[in-house]
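Worksheet for the structure shown next.
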Amino acid sequence: MIIAILIFIILLLIGFFLFLHRGKEWGSTPQERTMDMAGDAYLKGGSSTRTVMTRAVTIYTNPMDVWPWLAQLGRGAGWYSIDWLDNGRKRSAEHIISWVPKPQLGDASAIGYLRYIKEGKELVWWSKRVKFAGATSRLATDILLVPEGKDSRLVIRMSVDATGFTAPAAILLF
């Protein structure tokens, strides 16, 4: 019985770490995971306790149709994610919201401040000194839209570092 429980725990831990690894690179290619993105510079010189998640997806429409959705992200339209988790239980927009202005440097959202904009192509959100799981963290969220023929490739990179006694645990939870 004890051996069966130990085997179960070991398999559970292996599954957990495989899930973590897969979640860090979901949908992205090796080239996308290693390419330079504008948000990469914001964590230079910080803590060595860090993680980078690069995720990507192909959207079967042209970038000009995708950009307005990205431009309103988190600024009244929600996050197009798990609404009960990421959007305060409010439903994310299902259309372009006319009253959301064009993104500008310094705009604030739940994931920080808009620190970089390349119109129609890239947005970088930045948070500095965020308390998370007892650690102090910095977070850069880079959203890059790349034309892929007639379609679009959306690459999102979230980079975080942390300091403090609980930094390794905070990074793992993140």
Do you reckon [X] sits in the same ILVMFWY cluster as [Y], going by side-chain contacts under 4.5 Å, direct or chained?
| X | Y | answer |
| --- | --- | --- |
| V57 | M35 | no |
| V146 | I59 | no |
| W125 | V66 | yes |

Smallest separation among heavy atoms of [X] and [Y], with atom names:
| X | Y | value |
| --- | --- | --- |
| K131 | T136 | NZ-OG1, 2.9 Å |
| P63 | P147 | CG-CA, 3.8 Å |
| G106 | Y113 | O-CD2, 3.5 Å |
| I97 | Q72 | N-OE1, 2.8 Å |
| A170 | A135 | CB-CB, 3.8 Å |
| L114 | P103 | CD2-CB, 3.6 Å |

Judged by modelled atom types alone, do T58 and R153 share a side-chain donor-acceptor pair under 3.5 Å?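 There is such a pair between these side chains.
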With no hydrogens and no angle check, just 3.5 Å: does a side-chain donor-acceptor pair link R33 and T54?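 Short answer, no.
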side-chain contact (heavy atoms from CB on, under 4.5 Å) evaluation trace for Y60 with K150: CA-CA 8 Å; Y60 297 105; K150 290 187 261 180; over 6 Å; no
Taking the side chain as every heavy atom from C-beta outward, state whether [X] and [Y] have any atom pair closer than 4.5 Å.
| X | Y | value |
| --- | --- | --- |
| D40 | R157 | yes |
| I143 | L73 | yes |
| V130 | V160 | no |
| L144 | K121 | yes |

Please lay out, stage by stage, how E122 and Y116 fare under the test side-chain contact (heavy atoms from CB on, under 4.5 Å). CA-CA 8 Å; E122 191 169 14; Y116 177 87; 3.7 Å; yes
Would you please test L43 and V52 for side-chain contact (heavy atoms from CB on, under 4.5 Å) and show each step? CA-CA 11 Å; L43 293 183; V52 175; 6.0 Å; no
Atom pair CD/CE of E25 and M53 - distance to nearest 0.5 Å: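 The distance works out to 12.0 Å.
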For A56, does its backbone N or O pair with a side-chain atom of S28 as donor and acceptor, under 3.5 Å?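 Such a contact is absent between S28 side chain and A56 backbone.
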Tell me if a side-chain donor or acceptor on T29 pairs with a main-chain N or O of E32 at a distance below 3.5 Å.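 Answer holds: yes.
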Result of checking V124, I156, V155 against D142 for side-chain contact (heavy atoms from CB on, under 4.5 Å):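 With D142 as partner, side-chain contact (heavy atoms from CB on, under 4.5 Å) holds for just one option, V124.
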Checking side-chain contact (heavy atoms from CB on, under 4.5 Å) for the pair T141/Y42: CA distance, chi angles, key distance, verdict? CA-CA 10 Å; T141 303; Y42 298 122; over 6 Å; no
